[in-house]
Amino acid sequence: MAKPPVLTPQSEDFPRWYQDILNKAELADNGPVRGTMVIRPYGYAIWEQMQAQVDARIKAAGASNAYFPLFIPESYLKREAEHVEGFSPELAVVTHAGGKQLEEPVVVRPTSETVIGESMGKWIQSWRDLPLLLNQWANVVRWELRPRVFLRTSEFLWQEGHTAHATEADAAAYARQILHEVYEDFMVNVLALPVVVGCKTPSERFAGATNTMTCEAMMGDGKALQMGTSHELGQNFARAFNINYLDDTGTQQLAWTTSWGVSTRMVGGLIMGHGDDAGLRLPPRLAPVQAVVIAVRDDEAVIARCRELAAELEASGVRTRLDVDTSTSMGRRVTDWELKGVPVRVELGPRDLAAGEVTVTRRDDGSRVAAPLDGVVPVVAEALDRIQADMLERARQTRVARTVPVATVDEAIEAAATGWATLPWDRVGAEGETALGAHAMTVRCLIRADGAVPDSVDEPDLTAVVGRSY
RNA sequence: CGGGGAGUAGCGCAGCUUGGUUAGCGCGCCUGCUUUGGGAGCAGGAGGCCGGGAGUUCGAAUCUCCCCUCCCCGACCA
């Protein structure tokens with residue numbers, strides 16, 4: 001008797017599968033205003049893990065957290081021409097407050113280059129004040145015409161770093177340091193998503209940037225997702241906000257700035273990068289719950305032993321949950337924990353207890369092993385390590401298998417229907433980008449032949465990575 | 001914002017074409033009993049201004065108009 005699937009199968013309807021998983025894994029709901037989302041406790045626990053682990057890396061890179069206002073004078077946005085042009089279509093503007101029309105409208109921040117630039121201009125006097133390395137965790141608003149929970153919402157949560165440097169080279173180096181040591185490292189080693197890191201083409205650049213670099217991940221349907229960006233802003237914002245300093249020869253100089261961010265979009269990337277038809281699959285280093293100890297039967301001895309096992313695991317540093325809800329059937333509980341993507345299940349029933357064993361099951365591949373009851377901790381620890389490594393390797397293989405090297409734009413259009421294509425950037429050009437656009441495809445990023453991030457998009461012999469994207 | 005589809009119980013849907021007793025079904029939820037090694041079974045029960053507003057009519061879930069929201073496909077983005 002085949003039961004109906006828990007989720008719409010990915011192969012049948014991927015967007016529907018995504019919707020199903022948001023509901024059934026209790027990750028998020030739509031908010032009452034179009035384009036907004038309610039992040040439910042389990043979804044927020046995932047975000048908190050991301051925050052904590054990204055924040056630690058940001059601090060290790062020398063930046064300090066601060067907080068800048070939600071409301072920005074409209075005039076600030078207008079000081080940088082490209083910036084305001086890029087953002088004006090998606091601004092939410094407050095025209096009335098305190099029961100009156102405001103003399104100058106304020107915008108709800110779509111990003112904070114401008115307010116932070118204003119403060120930097122005040123704070124920086126001397127070359128001794130540089131570099132100034134700031135970060136803030138905040139919500140931002142970009143009014144979206146076609147919202148999708150976690151991927152594109154009108155309000156989202158993120159981290160935005162803003163730095164000022166004495167030289168272009170220093171700014172460029174720091175933007176790259178964040179890209180690699182914070183973002184790429186977190187995505188690869190924690191999220192187990194083997195991102196491709198490169199430069200955006202001029203047409204895909206952040207509004208006001210001189211160079212935009214990106215981490216691109218491949219989703220389960222072969223589409224690309226921009227998971228994080230790091231920008232070199234040149235002296236554009238320094239000029240607009242008078243961020244200047246006296247150098248060691250006593251000459252006034254304009255600073256060089258950067259900005260960089262990752263958002264709740266990463267939650268969507270995590271779902272679509274690893275999820276399968278049974279639900280979420282969370283990499284152990286990120287999972288809010290790494291192991292769940294399940295009492296298979298309503299049996300006093302079993303439950304007592306489960307409590308001990310959970311306590312042992314927790315004490316060993318494994319984020320553990322105890323499931324002794326024996327009024328719900330075993331099958332149902334297993335299904336629910338699978339939906340939530342908990343990496344390891346430790347299942348104990350009367351049979352296991354009698355045999356002095358416990359069953360340890362991996363979420364990622366469904367494999368199970370019997371572990372001695374008095375030696376569960378090392379077995380679980382080993383399983384968590386292997387899952388982390390295997391998930392990354394599996395995702396890498398999938399990405400490689402679905403990335404096709406081609407020689408022409410036409411071939412790229414064909415190849416990127418189901419995955420990514422790579423081709424020489426000099427075969428694309430502006431006309432090529434337009435042709436790709438007609439097929440809902442874009443150059444996701446430019447990389448060197450060896451996969452490294454180029455110093456500039458003007459380098460010769462760059463490779464373009466082409467795909468459809470979210 | 002353009003094209004297409006859809007809003008009826010927490011979720012998924014039927015009813016609408018051809019207006020007419022008390023608006024149904026599956027899942028979920030509550031209570032009880034029996035169960036529990038991969039989405040349990042039986043019995044009883046709670047839960048609806050039929051997306052919102054205006055209209056047509058003796059009478060509207062059903063017909064008309066406006067608005068809102070969601071999903072899919074395009075143009076914009078973390």
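Since the model is a prediction, treat every value here as computed from it, not as a measurement.
- Donor-acceptor pairing under 3.5 Å, judged by distance alone, is present between the side chain of A:R265 and the base of B:C77.
- Of the listed nucleotides (B:A40, B:G37, B:G12), B:G37 has the atom at the smallest distance from the side chain of A:M330.
- Taking atom CD of A:E204 as the reference point, atom C1' of B:C76 lies 10 Å away to the nearest angstrom.
- Between the P atoms of B:G20 and B:U64, the separation comes to 15 Å (whole Å).
- Taking only distance into account, the side chain of A:S263 meets the base of B:A78 through a donor-acceptor pair shorter than 3.5 Å.
- Contact annotation: A:R297 side-chain N/O to B:U35 OP1/OP2 distance is not under 4.0 Å.
- Backbone-only engagement by A:G35 is indicated by non-hydrogen atom pairs under 4.0 Å involving sugar-phosphate atoms exclusively.
- Closest to the A:V334 side chain, of the nucleotides B:C77, B:G38, B:G12, is B:G38.
- Counting only heavy atoms from C-beta on, A:P350 has its side chain closest to B:G37 among B:G38, B:G37, B:A78.
- Applying the side chain to side chain donor-acceptor pair (under 3.5 Å) rule to A:E26 yields the partners A:K340; only residues at least two apart in sequence or on another chain are considered.
- Taking atom P on both B:A14 and B:G26, the two are 15 Å apart, rounded to the nearest angstrom.
- Across all strands shown, B:C49 remains unpaired; no Watson-Crick or G-U wobble contact has both distances below 3.5 Å.
- Pair assignment for B:C33: B:G41, on the basis of Watson-Crick or G-U wobble contacts that are both within less than 3.5 Å.
- On the P atoms, B:C68 is 15 Å away from B:G53, given to the nearest whole Å.
- Within the 4.0 angstrom heavy-atom criterion, base atoms lie near A:Y470.
- When heavy atoms are screened at a 4.0 angstrom cut-off, A:R205 is found touching no nucleic acid atom at all.
- Heavy atoms of A:G349 sit under 4.0 angstrom from at least one base atom.
- The main-chain N or O of A:T361 is never found under 3.5 Å from a side-chain atom of A:R345 such that the two would form a donor-acceptor pair.
- Atom NE2 in A:H439 sits about 15 Å away from atom C1' in B:C73, given to the nearest Å.
- Contact annotation for A:T359: base contact, defined as any heavy-atom pair under 4.0 Å involving a base atom.
- Within 4.0 Å of A:T328, counting heavy atoms only, lies at least one base atom of the nucleic acid.
- The nearest whole Å value for the distance from the CG atom in A:N30 to the C1' atom in B:G10 is 15 Å.
- As rounded to the nearest Å, B:A54 and B:G15 have C1' atoms that lie 25 Å from one another.
- Across B:G38, B:A78, B:A40, the shortest atom-to-atom separation from the side chain of A:F206 is found for B:A78.
- Counting distance only, with no hydrogens placed and no angle test, the side-chain atoms of A:R345 and the base atoms of B:G38 include a donor-acceptor pair under 3.5 Å.
- Here B:G38 presents its P atom at 21 Å from NZ of A:K340, a figure rounded to the nearest Å.
- The distance between atom CZ of A:R468 and atom C1' of B:C72, rounded to the nearest whole Å, is 15 Å.
- By the 5.5 angstrom centroid cut-off and the 30-degree plane limit, A:F156 is classified as stacked against the base of B:A78.
- Evaluation of atom-type donor-acceptor distances gives no pair under 3.5 Å for the side chain of A:R368 against the base of B:G37.
- Rounding to whole angstrom units, CG of residue A:L353 and P of B:G37 are separated by 17 Å.
- Along RNA chain B, the nucleotide closest to A:G31 and the one closest to A:E347 are compared, and the more 5′ of them pairs with A:E347.
- Taking the nucleotide of RNA chain B with the nearest heavy atom to each of A:A278 and A:E155, the more 5' of the two is matched to A:A278.
- For the C1' atom pair drawn from B:C76 and B:G39, the interatomic distance equals 41 Å after rounding to whole Å.
- Nearest nucleotide to the side chain of A:S329, out of B:G12, B:A78, B:G39: B:G39.
- When each of B:A78, B:G38, B:G74 is scored by its nearest atom to the side-chain atoms of A:A440, the top-ranked nucleotide is B:G74.
- A donor-acceptor contact under 3.5 Å is not formed by the side chain of A:D336 with the base of B:G39.
- Applying the 6.0 Å contact sphere to CZ of A:R321 captures no more than 12 heavy atoms from other residues, nucleotides or ligands.
- Heavy atoms of A:N23 sit nowhere under 4.0 angstrom from any nucleic acid atom.
- Heavy atoms of A:P15 sit under 4.0 angstrom from primed sugar atoms or phosphate atoms, though from no base atom.
- Between the side chain of A:E433 and the backbone N or O of A:S203 there is no donor-acceptor pair closer than 3.5 Å.
- Atoms CG (A:D298) and C1' (B:G37) sit 14 Å apart, rounded to a whole Å.
- For the C1' atoms, the distance linking B:A9 with B:U35 amounts to 29 Å, nearest Å.
- Within 4.0 Å (heavy atoms only), A:L225 reaches no atom of the nucleic acid at all.
- Of the candidate nucleotides B:A40, B:C72, B:C77, B:A40 has the atom nearest to the side chain of A:R332.
- A 3.5 Å limit on both hydrogen-bonding distances identifies B:A54 as the Watson-Crick or G-U partner of B:U64.
- Judged by distance alone, the side chain of A:S329 and the main-chain N or O of A:R332 form a donor-acceptor pair under 3.5 Å.
- Using a 4.0 Å cut-off between a side-chain N of Lys or Arg and a carboxylate O of Asp or Glu, A:E113 and A:R79 do not qualify as a salt bridge.
- With sequence neighbours left out, A:V379 forms a side-chain contact (heavy atoms from CB on, under 4.5 Å) with A:V360, A:V369, A:A371.
- Side-chain polar atoms of A:T111 and A:R109 form no donor-acceptor pair below 3.5 angstrom.
- The separation of B:A40 from B:A46, taken at their P atoms, amounts to 25 Å, rounded to a whole angstrom.
- Heavy atoms of A:F87 sit nowhere under 4.0 angstrom from any nucleic acid atom.
- Heavy-atom minimum distance, A:R265 versus A:L225: CD-CD1, 3.7 Å.
- Separation of the C1' atoms belonging to B:G28 and B:G45 is 14 Å when rounded to the nearest angstrom.
- Taking a pair to require two hydrogen-bonding distances under 3.5 Å in either a Watson-Crick or a G-U wobble arrangement, B:C76 remains unpaired.
- Nucleic acid contact for A:G437: sugar-phosphate only, since backbone atoms but no base atoms lie under 4.0 Å from a heavy atom of the residue.
- Across all strands shown, B:A6 pairs with B:U69; the Watson-Crick or G-U wobble distances both stay below 3.5 Å.
- Searching all strands for a Watson-Crick or G-U wobble partner of B:C25 with both distances below 3.5 Å returns B:G12.
- For the atom pair CG of A:L282 and CD of A:Q49, the computed distance is 10.0 Å after rounding to the nearest 0.5 Å.
- Rounded to a whole Å, the CD atom of A:E433 is 14 Å from the P atom of B:A75.
- Nucleic acid contact class of A:T153 (heavy atoms, under 4.0 Å, all strands): base.
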